[in-house]
Amino acid sequence: MVEAPVLSNLQQARAWAVAAAVPDPEIPCVTVADLGILRDVELVDGIAIAKVTPTYSGCPAVLAIELAVETALLDAGFQAKVERVFSPAWTTDWITDQGREKLRAYGIAPPHKSSNSKLALFGETTVACPRCGSSLTSKISEFGSTPCKAHYQCDQCVEPFDYFKCL
Amino acid sequence: MKPAAALADALITLGDDHLILGHRLSQWCGHAPMLEEDLSMPNMALDMLGQARNLYTYAGGLENKGRNEDDLAYLRTDREYKNCLLVERPNGDFAHTMLRQLYFAAFMHPFWQAATTSADDKIQGFAEKAVKEIAYHIRHAGEWVIRLGDGTEESAQRMGEAVIALHGYTDELFSTTDTMQICIEANLLPDPERLRDQWDQTIEQVFAEAFLTIPEIPFPQEGGRDGRHTEDFGHLLSELQYMQRTYPGMTW
Ligand SMILES: [Zn+2]
């Protein structure tokens, strides 16, 4: 879990708030803070340094996210720099409860907490339909519309939906 | 050789495995037998490319010769690529592609697992992420190998043919180069030889469910780690490098 850091001054708090409000380019219902990929915003010598971590190694949105965070800080009047950090590696456990609720409302089943065994062959986890709540769902494909999602279908209301994979 | 130079060289070798396999997988884009697989294949390719980019970028900085990820990916000659032969094998049918992916992923999973305790914290960071991504590849490819091996008469026959065609290339996964050896001794990278039991276990488990047998391989195929590639590799490179060779220095 990434908490907003204890902030020593108002400017730093404002910089965090500005960066934290940036929406994810592929799933715009959640912000970078909801996803837990904004790790820190620090003011060093008047420059706002935002630390961002990628979700997946090959996430094509990484550059777009970094640019959006930088632009938001610049627009708010900060000198800005974005650093990419790899360690500790992001996990879906860092998605906030608020972020999970937003995903569900948007029609994406939020990830399970990391109990899921990703290695188990045919290792199914019950994924509840984000629309009707039914747990009678089937996996259509392990890989969905973006690297972070799998493709499911609800057997109750028959709607297809995305499941944000547990990582 | 200085440890930084050895590490750079070893990471480029590892990056080559990922770049070339990623390119092979991306060749399925638009050709897969169903829409779901048309999404899976580029997604797995993206994982491979993302891992290659991390490795190349870090290696480029370490070797300090001014080469970035693009120079390493696009501007070397065939003999300078040190990927193992397995990853350059043609896609063939679905049986070949999924078996190749299973063989590679079953190796990389314990590799990244062990690399999470590397003495280099950058590598630790890459490994923590990659180990979870590659787990999905084992699951996805493993399920297909089982589905085809335990499927129709024709799918079982084709799966068996893929095993005969590819199994002889798996030994090279466990070989090391001189620079890898330096990195292993410095606890920067895991020793592939120590991952063999875990690899065997994964493959045996899948093969048992798929009704496949592990063939005897009297003469394992290798050479990629020395830059000696199969004929198919030249064709792959000409496609991969086409844009940079035609318009040198182009960017999007
Ligand atoms: Zn439903």
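Heavy atoms only: backbone and side chains are in, while hydrogens, waters and symmetry mates are out. Per chain, numbering begins at 1; letters A, B, ... match sequence-line order.
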Would you check, one step at a time, whether the test side chain to side chain contact (heavy atoms under 4.5 Å, CB included) holds for A:Glu142 with B:Ser40? CA-CA 7 Å; A:Glu142 191 75 83; B:Ser40 314; 5.8 Å; no

Do you know which two heavy atoms are closest between B:Glu133 and A:Tyr56, and how far apart they sit? OE2-CA, 3.2 Å

Specify the closest pair of heavy atoms between A:Trp90 and B:Lys132, including all atoms of both residues, with the distance to one decimal. O-NZ, 3.4 Å

Can you confirm whether more than 12 heavy atoms, excluding those of A:Arg100, are under 6.0 Å from its CZ atom? yes

CZ of B:Phe174: more than 12 outside heavy atoms within 6.0 angstrom? yes

If one checks every heavy atom of B:Asn54 against chain A at 4.5 Å, the contacting part turns out to be side chain

Side chain, backbone, both or neither of B:Leu46 within contact of chain A (heavy atoms, under 4.5 Å): both

When rounded to the nearest 0.5 angstrom, what is the spacing between CZ in A:Phe86 and CD in B:Gln124? 14.0 Å

One should read off an interatomic distance between B:Asp47 CG and A:Phe143 CZ, to the nearest 0.5 angstrom, of 6.5 Å

For chain A, which residues from residues 10-38 of chain B have at least one heavy atom closer than 4.5 Å to it? B:Glu36

Residue from B:Arg53, B:Lys129, B:Glu128, B:His137 scoring the most non-hydrogen pairs under 4.5 Å with chain A is B:Lys129

Go through A:Ser57, A:Gly58, A:Ser87, A:Pro54 and name the one with the most non-hydrogen pairs under 4.5 angstrom from chain B. A:Ser57

